[in-house]
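This report refers to the structure that appears directly beneath it.
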Amino acid sequence: MQIDVSGNPVELADGATCAEALQEGLSKKQFKKVVVAKCGETLLDLSTVVPTPCTTLEPVFADSEEGLEIIRHSTAHLMAEAVKKLFPTAKVTIGPSIKEGFYYDFDYERPFTPEDLEAIEKEMLSSVGANKEFSCKTVTPDEARKFFADLGEDYKQELIDDLGADEYSIYTHGDFADLCRGPHVARTGMIKAFKLLSVAGAYWRGNEKNKQLQRIYGTAWQDPKALKQHLHRLEEAKKRDHRKLGTQLDLFSFNDEVGPGMALWHPRGMLLRAILEDFERKEHLKRGYDLVQGPLILKRELWEKSGHYDNYRENMYFTEIDEQAYGIKPMNCLAHMVIYKRKIMSYRDLPQRYFELGVVHRHEKSGVLHGLMRVRTFTQDDAHLICRPDQIEKEILDLMQFYSDIYSLFGFDFDVELSTRPEKSIGSDEDWEVATESLRQALDKSGMGYTINEGDGAFYGPKIDFHLTDSIGRSWQCGTIQVDFTLPERFDIVYVGEDGNRHRPVMIHRAMLGSIERFIGVLTEHCAGAYPVWLAPVQARIMNVTDAQGEFVEKVQAFLKGKGIRVEADVRNEKLGYKIREAQVEKVPFMLVIGDKEVESGCVNVRVREGEDPGMVTLEEAAQLILDAARAPFEAGGMSYSFSG
RNA sequence: GCCAGAAUAGCUCAGUUGGUAGAGCAACUGAUUCGUAAUCAGUAGGUCCGGGGUUCAACUCCCCGUUCUGGCUCCA
């Protein structure tokens, strides 16, 4: 097939993929245009494209991101058409494609039920069968306004007013027309695989104060096979859900009697957590932090001074004794400030770096709680760096390296986001300038890719956030670095400069894992419960074949314990297969089998959680295997393995 | 907090148009002494989330709470 884009002839084989098109020198945008052009003549402003008839759509671009986007967006239109047909009084609002699917928000008198979804899906299929053509026309703002006014679609009119464009495109297929930027597939018959997934409430334009709409989520793919794979992936992801694994591996639980959003850590889970916390303390000490700790509750006056009492009170717990004389801390900074003020600091003393695994309580709205990811009692791996303004950049740069080292150790990919000054903010222009520039410089120097979130900083300073992804692609903010201008001011903390005068230091709040709870939640899903050997609460389990090996089992256990290995023995009167299965389900990394043969030779037979079994080895070798496995990720990351069980 | 759905044994779940509950696994007891993902038999275990209401009768229907799940908003 030959296409002409902006006067550049391009030769593409039939069924060319997006990647091939890119190689031929087409930009993604151009290719998208070309593909759409090939699918139908009137879909875009195609003055620069010579369209050719298109017979099939999917081989050309369905494997590309753009292709899926078009399919999904078109499916959203298809759904809106079906909803309007079945529920004529429903008003349409917006319906974009999203990661792995699409949604459409409707204003309707009652919520949609699962049965409604089935009916809608059926209606959509019939529209697919009718193979209706998508067409597009460009209109003026007035024409667009009138068009949707006649249809009674007031949300669309509001959009037109807000967008303020010179002209608008309206896409039509069958009887359904929608204000839309496009592009779309040429005909509804090209939508080959979709499924409606769920209904949820969503506020118009994402604002809590606006009317709540009915959102229908769905997913769409290039072919039924891809759809099936996607649904299968969702099923698989459910198995990695940390809440499920928490029960299965007996790590933690939640209990209504205790309170919502408050985890109970079982022996195994707490052991894992303790190892992680121990690791963190040592890593922080290594990098020049001081360990500190303040109390869980602090006098109300202090919260008034910091501004939390005025701005954050509804999220805080208070003691009832002495009429709210004490506030239960929702963050750790106040005690750290007071600790800083214990003596006169010189510029030579800066930066001060205070680290605390601080337990905080925040009364989060009930609807947001989610396993370990969002709780009301949690532990932050929190630190406050109090430094001179000229030290910000260096400190940030060190932090970037620190975070990166640690995330990599766990095998996480992460997104970095820089958030700048919001509309409502305090602090001088100069402060913001210096702080934001320091963050930007450090980010640039670190070589990490990052996105900028304009105006999304805290009111007291700019920040950098680090996001880790859970098993089903939800992204969770874990690490954060925030510059703060207010607290040093409010608490009047100072240092004595070279000039002998008092100066105001800058304060950096930062948490690396974010919260221990959330991090363990994300990590659990990341590794599906098969924790790295250095973290696994049980590193090795010894199992005997019959009672006859009891004595040797004890000997082996004592030996491995002596090497600092977390080992337990399963000497129940059960078949070996049963014990193996149980250990495998519990994701114990090393299974050491002992039968008569092993007793005789003084060896153990090693089976591993995944990969090839080492088989028969001496005790010395077995211990080495386990210790090496524990050390491996540290060595790969150029770090030292700094602790034992 | 808002919208929707859910809550039955330690865990995972059945429970037909209203007639006071069942399975598998786990636990306990006994038999079995066995070689890499589930040995057999028996026993015990429930205020069916809580509180009201309708009914001769409620796990089941209605109302109000609580908690959980999926979203929205917010956030580590």
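Residue numbers start from 1 in every chain, and the chains themselves are labelled A, B, ... in the order their sequence lines are given, proteins ahead of strands. Scope of the values below: all heavy atoms of this structure, side chains included, with no hydrogens, waters or symmetry mates.
In this structure, A:Ser419 has no side-chain hydrogen bond (donor to acceptor under 3.5 Å, both in side chains) partners at least two apart in sequence or on a different chain. Residues that satisfy the side-chain hydrogen bond (donor to acceptor under 3.5 Å, both in side chains) test with A:Arg572, not counting sequence neighbours, are A:Asp570, A:Glu582.
The base of B:C2 sits within donor-acceptor range of the side chain of A:Gln212, with an N or O pair under 3.5 Å. With hydrogens and angles ignored, no donor-acceptor pair closer than 3.5 Å exists between the side chain of A:Tyr203 and the base of B:G71. For a distance-only test at 3.5 Å, the side chain of A:Arg518 qualifies as a donor-acceptor partner of the base of B:C75.
Relative orientation of the A:His77 and A:Tyr104 rings is perpendicular, given thresholds of 30° and 60° on the angle between their planes.
Rounded to whole angstrom, the span from the CZ atom of A:Phe112 across to the C1' atom of B:G5 amounts to 16 Å. In this structure, the CG atom of A:Asn453 is 14 Å from the C1' atom of B:C75, given to the nearest Å. Whole-Å rounding puts the A:His266 NE2 to B:G10 C1' distance at 11 Å. In this structure, A:Met512 places its CE atom 17 Å from P of B:A76, rounding to the nearest Å. The nearest whole Å value for the distance from the CG atom in A:Asp116 to the C1' atom in B:A4 is 12 Å. Rounded to whole angstrom, the span from the CZ atom of A:Arg215 across to the P atom of B:C2 amounts to 19 Å. Atom CG in A:Asp456 sits roughly 13 Å away from atom P in B:U73 (whole-Å rounding). With rounding to whole Å, A:Lys244 atom NZ is found 8 Å from B:U12 atom P.
Comparing the same atom, C1', in B:A38 and in B:C34 gives a spacing of 14 Å after rounding to whole Å. If you take atom C1' in B:A57 and the same atom in B:A21, they sit 16 Å apart, rounded to whole Å.
Candidate nucleotides B:A76, B:C3, B:C72 were compared by shortest atom distance to the side chain of A:Gln380, and B:A76 ranks first. Distances were taken from every side-chain heavy atom of A:Phe378 (C-beta onward) to each of B:A76, B:G1, B:C11; the shortest belongs to B:A76.
At a cut-off of 3.5 Å, with distance as the only test, a side-chain donor of A:Thr379 or A:Arg273 sits close to an acceptor on the other residue. Checking A:Asp596 against A:Gln549 by side-chain atom types alone, a donor-acceptor pair falls below 3.5 Å.
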For each nucleotide in nucleotides 60-70 of chain B, reading 5' to 3', give B when a protein heavy atom comes within less than 4.0 Å of its base, S when such contact involves only the sugar-phosphate, and - otherwise. -------SSSB
Can you build the contact string for nucleotides 35-49 of chain B? Use B for base contact, S for sugar-phosphate-only contact, and - for no protein heavy atom under 4.0 Å. BBBBB----------
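At a threshold of 4.0 angstrom between heavy atoms, the contacts of A:Gly479 with the nucleic acid are absent. Residue contacts shown for A:Val375 include a base, since a base heavy atom lies under 4.0 Å away. Within 4.0 Å (heavy atoms only), A:Tyr217 reaches sugar-phosphate atoms of the nucleic acid but no base atom.
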Test salt bridge (Lys or Arg N to Asp or Glu O under 4.0 Å) on A:Lys329 and A:Glu356 and set out the steps. CA-CA 13 Å; A:Lys329 66 175 177 178; A:Glu356 175 176 358; 3.0 Å; yes
Do A:Phe87 and A:Phe112 pass the ring pair (Phe, Tyr, Trp, His ring centres under 6.0 Å) test, and can you show the C-alpha distance, the side-chain angles, and the key distance before you say yes or no? CA-CA 10 Å; A:Phe87 312 96; A:Phe112 295 114; 5.2 Å; yes
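A side chain to side chain contact (heavy atoms under 4.5 Å, CB included) with A:Leu592 holds for exactly one of A:Ile542, A:Asn605, A:Val553, A:Asn544; it is A:Ile542. In summary, of the residues considered (A:Arg240, A:Arg233, A:Lys239), a salt bridge (charged side-chain N to carboxylate O under 4.0 Å, His left out) with A:Glu236 occurs for A:Lys239 alone.
Considering only side-chain N and O atoms, A:Gln477 lies nowhere under 4.0 angstrom from the phosphate OP1 or OP2 of B:C75.
Between the side chain of A:His284 and the backbone N or O of A:Glu280 there is at least one donor-acceptor pair closer than 3.5 Å.
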Which pairs would a plain distance check flag for residues 245-257 of chain A, meaning a side-chain donor or acceptor within less than 3.5 Å of a matching protein atom at least two apart in sequence or in another chain?
from, atom 1, to, atom 2, distance (Å)
A:Thr247, OG1, A:Arg243, O, 3.3
A:Ser253, OG, A:His266, NE2, 3.2
A:Asn255, OD1, A:Glu257, N, 2.7

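In RNA chain B, the stems built from three or more successive Watson-Crick or G-U pairs (distances below 3.5 Å) are B:1-7 with B:66-72, B:10-13 with B:22-25, B:27-31 with B:39-43, B:49-53 with B:61-65.
Both the sub-6.0 Å distance and the 45° axial angle are satisfied by A:Arg313 relative to the ring of A:Tyr309.
Distance CD/A:Gln482 to NE2/A:His509: 6.5 Å, rounded to 0.5 Å.
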